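Quick notes on the structure that follows.
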There are 2 protein chains.
Amino acid sequence: MNLMQQADGKETSATRTAYLTLRQMILTGELAAGEKLKIEQLRARLDTGASPVREALSLLTSDMLVERLDQRGFRAAPASLANFQEILTLRCALEDMALRQSIANATAVWEEALVVAHHRMKRASAEGSIPEFEDAHKAFHMALLDNADSPILLRYCGQLYDLNIRYRYLAAAGTNYQKRDVATEHEEILDAVVRSDANAASGALMNHYRVTGDYLAVPLSDL
Amino acid sequence: MNLMQQADGKETSATRTAYLTLRQMILTGELAAGEKLKIEQLRARLDTGASPVREALSLLTSDMLVERLDQRGFRAAPASLANFQEILTLRCALEDMALRQSIANATAVWEEALVVAHHRMKRASAEGSIPEFEDAHKAFHMALLDNADSPILLRYCGQLYDLNIRYRYLAAAGTNYQKRDVATEHEEILDAVVRSDANAASGALMNHYRVTGDYLAVPLSDL
DNA sequence: TTTTCTAAAAATATCGATATTTGTTGACAA
DNA sequence: TTGTCAACAAATATCGATATTTTTAGAAAA
């Protein structure tokens with residue numbers, strides 16, 4: 001009962017499956033921001049029991065993607081312009097810190113991992129597979145910060161990354177993100193990191209976020 | 001079944017009660033760092049059902065006080081010197097940011113709230129009630145950051161505060177914390193904030209943490 | 001001895017049913 | 001009309017039982 005065969009044959013718990021599915025549904029907006037999340041409804045939709053759904057929702061609370069109301073169940077975290085801006089500000093502050101620490105700890109192994117992550121992202125972009133690009137994009141950004149050797153900081157950055165993704169979908173920009181000249185921005189970051197130029201790397205990363213932020217702020221301005 | 005009468009007559013859900021109790025047990029070390037947390041054992045200890053315990057543990061995962069192992073249940077988050085130092089570093093960085101924003105947004109109302117929080121802390125200290133002092137101490141520190149008007153940042157600071165508390169107990173310093181000259185440090189912070197001197201306030205706060213950190217590092221050095 | 005395999009025990013994850021709350025509707029009084 | 005209050009409906013939180021792992025222990029083989 002515990003072990004489940006997923007489509008790809010990988011075995012997972014029902015809770016984990018529910019967690020990943022619900023997470024994706026919230027990030028993409030399939031479950032709208034602020035929407036009431038009824039257990040029975042989700043249970044039927046995911047074809048699983050109430051317990052896994054309930055636990056998955058509890059877990060999503062950690063990620064600030066779901067809110068728990070007193071004894072009135074759960075709802076998808078509301079979205080607002082203020083929230084979007086707070087996320088942007090915090091990302092800049094935390095990622096700046098993490099990136100600088102990563103560079104301070106730089107090793108050949110890390111740099112190689114970065115180059116690989118960057119290459120995979122470019123390949124996914126060339127192949128035009130949106131979900132694969134999304135995964136590779138997150139992997140690249142996380143790889144940049146990974147060498148800071150600061151698990152909590154990395155966790156926070158990952159959370160903020162995901163929260164931001166949701167606003168990308170809200171802005172209906174999820175699909176055409178690649179069309180901006182984001183590739184150049186990524187290369188600038190990578191180059192600066194490889195040169196161990198912390199200021200340039202951080203500057204390029206901050207610029208990347210600020211540009212993306214401005215880009216999204218327009219369609220989000222009426223939140 | 002849902003509604004529970006607590007000792008103080010306040011009604012809460014079984015999950016919330018379990019959450020608060022388990023949290024306290026982990027913070028104080030009654031449940032040791034790294035210890036396996038068996039549902040049945042906790043269920044009996046808290047005199048409640050397995051579901052509330054399970055959900056409470058899920059919630060504690062958000063706070064990084066509990067880890068969830070694949071399909072092998074839960075355990076209290078392990079403690080290590082590296083973890084302690086990471087918490088200290090992040091607290092300094094995040095609270096510096098939050099405090100400066102709070103001061104930038106300063107209002108008379110906020111300053112009054114701070115003075116009250118500080119007074120309560122002093123009173124609790126004078127009365128010698130450790131748990132009340134602990135609560136008031138946290139309330140004071142959170143009040144300092146509250147005016148930054150940045151819910152996520154405040155949440156992170158709160159989490160890090162609690163994680164640090166656990167190390168205080170681990171260092172067996174939980175009881176004699178007040179004996180250090182912490183009162184003066186708090187006054188310095190408050191004075192600087194009231195003067196709207198961000199640099200002095202931040203400096204005093206950072207000093208407060210660094211001193212506390214050094215103070216705890218000694219007994220923790222063998223983690 | 002050490003390793004490997006198997007059977008029993010322990011613990012987890014999940015289900016289905018039930019009690020408790022919250023939300024809603026409509027009648028009745030003001 | 002408007003407001004209050006019961007009865008009803010919907011949804012949540014919780015329990016108890018069960019299926020599925022994981023862990024442990026012991027026996028058989030190398």
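Quick note on labels: first sequence line is chain A, next is B, and so on, each numbered from 1. Computed from a predicted model, the values in this text were never measured in an experiment.
- Within the 4.0 Å cut-off from OP1 or OP2 of C:dT12, at least one side-chain nitrogen or oxygen of B:Lys36 is found.
- Contact annotation for A:Leu37: backbone-only contact, meaning every heavy-atom pair under 4.0 Å involves sugar-phosphate atoms and none involves a base.
- The distance from atom CD of A:Glu40 to atom C1' of C:dG16 is 12 Å, rounded to the nearest whole Å.
- Summarising the geometry, the separation between CG on B:Leu69 and P on C:dT12 is reported as 11 Å, rounded to the nearest angstrom.
- Annotation: cation-pi geometry not satisfied between B:Arg120 and B:Phe140 (NZ/CZ under 6.0 angstrom from ring centroid, within 45° of ring axis).
- Between B:Arg72 and the phosphate of C:dA11, there is no side-chain N or O to OP1/OP2 separation shorter than 4.0 Å.
- The separation between B:Leu42 atom CG and C:dA11 atom P is 12 Å, rounded to whole Å.
- Put simply, CG on A:Leu46 is 13 Å from P on C:dT14, counting in whole angstrom units.
- The distance between atom CD of B:Gln71 and atom P of C:dT14, rounded to the nearest whole Å, is 7 Å.
- Look at A:Glu55 and B:Arg68 and you find a salt bridge, because one of the NZ, NE, NH1 or NH2 atoms lies within 4.0 Å of a carboxylate O, short of that distance.
- In summary, B:Glu134 and B:Arg168 engage in a salt bridge, as defined by a charged side-chain N under 4.0 Å from a carboxylate O.
- One interatomic measurement links the two molecules: CZ of A:Arg75 to P of D:dA11, which rounds to 17 Å at whole-angstrom precision.
- Nucleotide D:dC15 holds its P atom 9 Å from the CG atom of B:Asp47, rounded to whole Å.
- Using a 4.0 Å cut-off, no side-chain N or O of B:Thr48 falls inside it from OP1 or OP2 of D:dT14.
- Between A:Ile39 atom CD1 and C:dA17 atom P there is a gap of 18 Å when expressed in whole angstrom units.
- Here the side chain of A:Ala14 is nearest to one of D:dT22, D:dT14, C:dT14, namely C:dT14.
- With distances taken from any side-chain atom of A:Ser51 to the nucleotides D:dT22, D:dA11, C:dC15, the minimum falls on C:dC15.
- Considering only side-chain atoms of A:Pro52, the nucleotide from D:dA11, D:dT14, C:dC15 that sits closest is C:dC15.
- Salt bridge A:Lys122/A:Glu127: absent, no basic N to carboxylate O contact under 4.0 Å.
- Here B:His118 and B:His141 keep their ring centres 6.0 angstrom or further from each other.
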